[in-house]
There are 2 protein chains.
Amino acid sequence: MSKPKQVTIVDVAEEAGVSIATVSNVLNRGGIRSSKETIRKVEQAAERLGYRRNTMAAGLSRNKTYEIGLIVPGLNGYYGQLAEHLQVEAHNRGYHLSVFSSGGFDPEIERRNLEVLQQRRVDGLICHGLAMGFESTRSIVNSGTPLVLINGWDWPEDIAIGAVNLGFASACEQSVKLLLERGCRTLCYVSSKRSKAIDEQRHIGFIRGMERYGNGINYEVADAKDLDVDVFLRKMREGHPAPIGIVAFDDHVALRLICGTLRLGIELPEEMKIVGINNDYIAEHSYPGLTSWDIPYTFQAQMAIDKLLSKLSNQQAAEQDEREINVPLTLIERHTTNALKGGVNEHVAKGN
Amino acid sequence: MSKPKQVTIVDVAEEAGVSIATVSNVLNRGGIRSSKETIRKVEQAAERLGYRRNTMAAGLSRNKTYEIGLIVPGLNGYYGQLAEHLQVEAHNRGYHLSVFSSGGFDPEIERRNLEVLQQRRVDGLICHGLAMGFESTRSIVNSGTPLVLINGWDWPEDIAIGAVNLGFASACEQSVKLLLERGCRTLCYVSSKRSKAIDEQRHIGFIRGMERYGNGINYEVADAKDLDVDVFLRKMREGHPAPIGIVAFDDHVALRLICGTLRLGIELPEEMKIVGINNDYIAEHSYPGLTSWDIPYTFQAQMAIDKLLSKLSNQQAAEQDEREINVPLTLIERHTTNALKGGVNEHVAKGN
DNA sequence: CTGTTAGCGCATTCAC
DNA sequence: GTGAATGCGCTAACAG
């Protein structure tokens, strides 16, 4: 009951009446072909005994784990989705994805996780929004473990080569453009600074949008953390020309804002317009329906895994051509960005 | 660059001028004590060389991995939170938690994940909401891998011994009681059948509440999947005596309902009252604020890990006393369950 | 095609 | 206290 000696290839070999090497051969397919007969015998023996290959022994022997590590700040919302998709893609390519959450950008936890992953001799690493500095990260890279960054915009080139970046900046830029086109006369970006680079990038895009399309129009930036939504909204409405357009850090933040407008009796598409990011469950089901940017998780995950695997095979080879790959988001319009008044078009009607 | 031979205890031994056995001793603490001097030498050598213990080799050698596997239906919302907390607790006890998502109750994926985990020789398994049948699960247990079920209410005793169950049933039962006390004259449970046992349990609680406190009052059950919220709400309002009380499967479902009432102009605390489950971000930030049941994630996680570890040490020993452990939820009242009219008490005001 | 053998990196007796 | 030797389960050359 307590640790009934697991069956090994030795057992299978005996049972099948062949050598352990043969067993290893037929059971991992890659190697030399065996006679039909042998294959059958081995497979049946394995089946009969309930053999299961010992990952550790295999990894130890061939000096390769087929395990890749993932470090994300958390498991909720966007990060959870990403992790899930990465897991699927990794699996599809014969790899195991070990998921680690760094508990919301805690550098300490991040270090520990990294240590564990290195000890596990993972073949590669995918990191998202690292809290630790460049130097620490560089030391990983130099230690020989291939690294793919997701959303590592502001990282030094030697580390970020092959990074997979989501187009948050241009999404925000386009959000600004959209809001202006919809008639907004004041804009605001509600940030989430604790999300670090993820936020920074949106901010940059927002500013760029203002510079490019704003024509000197008034804009503000507020941080969601500790934000008193009601006070904020009231101030926006009273102190600035309407309608007011808001770019929210993500759909969660947007939900808070939407609820604020409901509470204060602010007319949503008329007096104020909001666009979120992530196209969460929230965006689809909130009332009014929230305009948001959809993330192509599957594509993103594929890109990341592909990048990593290519780094694994090509020993430092020429993948120089494509340094960073950019994954664009797509806008899903819903009610919160309707044009001036009651212009409910089909898309919007469906979206909510 | 491409696989720079990782440093091993052999290297450290040479560098420190001792034998590999000694290195192993001082580096894993458990064993025999060594002289201060030796310890220093070894530690410095290890430090200097950047030694990192090879998990596979260690695991192989001592026939124990200190890895425990987790299988959950997904990584979003409740499940993601749970996974994160389990990871922390596992780590606190020196274990590594390997998280697997079965992609929303896909039995196929579940099988694969299980296979992988077994091949990794995980010391134990924590499973939540398995899609596979009893038999398959039992075969795991019999294979010698300790298993702790989370929310495995309806499972056979021999498997579910030591299961950690959340008190969803009594939460729902109490929800019914609450809604009745608040004056509701029609009740409804909006389910999510695809969530299997998780849903079943809530359903049971709801029914029990009706039987116990309902006095023959009218009640209904509808499933959230493919539910046309607006049609549903309209029918509820028109065909039944108000106010109507709704117990939602979770806060996500509740959000949909809340938005429906906003859309249709149904007065929320007056004509209809809603209580959700999970006390998500949504519950706190929706408008009106959603009454919901909070889940003690940390406690739940500790219980699960504790149970598993005790199964690991006690070779089949007497843990018979406590078969299943029940983790109670706590109600967080917000605006959606206010008493008859405008009775906004402090708690509610704060809650929203 | 199949069997023999030598490690992979570490933990663990058991002598010294 | 410390070190030499053995084995964990498997893979990867080689030999046959």
Side-chain angles (χ1 to χ4, degrees), chain A residues 3-43 45-46 49-67 94 118-123 144, chain B residues 3-43 45-46 49-67 94 118-123 144:
Chain A
K3 288 283 178 189
K5 298 279 172 293
Q6 300 265 13
V7 357
T8 77
I9 49 172
V10 178
D11 303 321
V12 178
E14 279 178 5
E15 175 84 8
V18 297
S19 78
I20 63 167
T22 305
V23 173
S24 184
N25 276 340
V26 359
L27 257 34
N28 86 13
R29 297 297 180 202
I32 305 90
R33 245 200 283 291
S34 311
S35 74
K36 296 264 183 199
E37 178 57 12
T38 310
I39 293 182
R40 206 186 46 73
K41 279 195 304 186
V42 172
E43 282 179 340
L49 269 47
Y51 169 75
R52 242 182 289 263
R53 178 232 234 111
N54 183 322
T55 308
M56 294 175 293
L60 191 56
S61 176
R62 55 186 163 178
N63 192 30
K64 167 141 170 108
T65 57
Y66 288 96
E67 174 172 354
Q118 307 254 75
Q119 288 187 186
R120 299 186 76 81
R121 299 293 190 269
V122 291
D123 292 337
Chain B
K3 288 282 180 189
K5 298 279 173 290
Q6 300 264 13
V7 357
T8 77
I9 50 172
V10 178
D11 303 320
V12 178
E14 279 177 6
E15 175 84 8
V18 297
S19 79
I20 62 166
T22 305
V23 174
S24 184
N25 275 341
V26 358
L27 258 36
N28 87 11
R29 298 296 181 204
I32 305 90
R33 243 201 285 291
S34 310
S35 73
K36 295 264 182 199
E37 178 57 12
T38 310
I39 294 182
R40 206 185 46 73
K41 279 195 305 186
V42 172
E43 282 180 340
L49 269 47
Y51 169 76
R52 242 182 288 263
R53 178 231 236 112
N54 184 321
T55 308
M56 293 176 293
L60 191 56
S61 177
R62 57 186 161 178
N63 191 31
K64 167 142 170 105
T65 56
Y66 288 97
E67 175 172 354
Q118 307 253 77
Q119 289 188 182
R120 301 185 74 82
R121 299 294 190 268
V122 291
D123 292 337

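Within every chain, numbering begins at 1; the chains are lettered A, B, ... in the order of the sequence lines, protein sequences first and strands thereafter. Values reported hereafter were calculated over all heavy atoms of this structure, with side chains retained and with hydrogens, waters and symmetry mates removed.
Rounded to an integer number of Å, the gap from CD of B/Q6 to C1' of C/dC10 is 14 Å. Taking atom NZ on B/K41 and atom P on D/dG1, their separation rounds to 15 Å, with Å as the unit. In this entry the distance linking CE of A/M56 with P of C/dG7 reads 22 Å, nearest Å. Between A/Q119 atom CD and C/dG9 atom P the separation is 15 Å, expressed in whole Å. Look at CD1 on B/I39: it is 13 Å from C1' on D/dT2, rounded to the nearest Å. Atom-to-atom, CG of B/N63 to P of D/dC10 comes out at 12 Å; the value is rounded to the nearest Å. Regarding A/N25, its CG atom lies at a distance of 13 Å from the C1' atom of C/dT4, rounded to whole Å. Between B/N54 atom CG and D/dG9 atom P there is a gap of 16 Å when expressed in whole angstrom units.
If you check every strand for non-hydrogen atoms under 4.0 Å, A/A21 touches a base. Counting any heavy atom pair closer than 4.0 Å across all strands shown, A/V18 reaches sugar-phosphate atoms only and no base atom.
Neither OP1 nor OP2 of D/dC10 sits under 4.0 Å from any side-chain N or O of A/S24. Between C/dC8 and B/T8, no contact under 4.0 Å exists linking OP1 or OP2 to a side-chain N or O. At the phosphate of D/dC10, OP1 or OP2 sits under 4.0 Å from a side-chain N or O atom of A/Y51. The shortest distance between the side-chain N/O atoms of B/R52 and the OP1/OP2 oxygens of C/dG9 is not below 4.0 Å. Using a 4.0 Å cut-off, no side-chain N or O of B/S61 falls inside it from OP1 or OP2 of C/dC10. At D/dG7, none of the side-chain N or O atoms of B/R62 fall inside 4.0 Å of OP1 or OP2 (strictly under the cut-off).
The backbone N or O of B/Q119 lies less than 3.5 Å from a partner atom in the side chain of A/T55, making a donor-acceptor pair.
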Side chain to side chain contact (heavy atoms under 4.5 Å, CB included) evaluation trace for B/R52 with A/R121:
CA-CA 9 Å; B/R52 242 182 288 263; A/R121 299 293 190 269; 3.9 Å; yes
Test side chain to side chain contact (heavy atoms under 4.5 Å, CB included) on B/M56 and A/T65; report intermediate values, then the result.
CA-CA 9 Å; B/M56 293 176 293; A/T65 57; 3.6 Å; yes
List the steps and the verdict of side chain to side chain contact (heavy atoms under 4.5 Å, CB included) for B/V23 and B/Y51.
CA-CA 11 Å; B/V23 174; B/Y51 169 76; 5.7 Å; no
Would you please test A/R53 and A/L27 for side chain to side chain contact (heavy atoms under 4.5 Å, CB included) and show each step?
CA-CA 9 Å; A/R53 178 232 234 111; A/L27 257 34; over 6 Å; no
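Taking the nucleotide of DNA chain C with the nearest heavy atom to each of A/S35 and A/I20, the more 5' of the two is matched to A/S35. In this structure, B/T22 and B/L60 both approach DNA chain D, and ranking their closest nucleotides by distance from the 5' end singles out B/T22.
Out of C/dG3, C/dT12, D/dT11, the shortest distance to the side chain of A/S19 is found at C/dG3.
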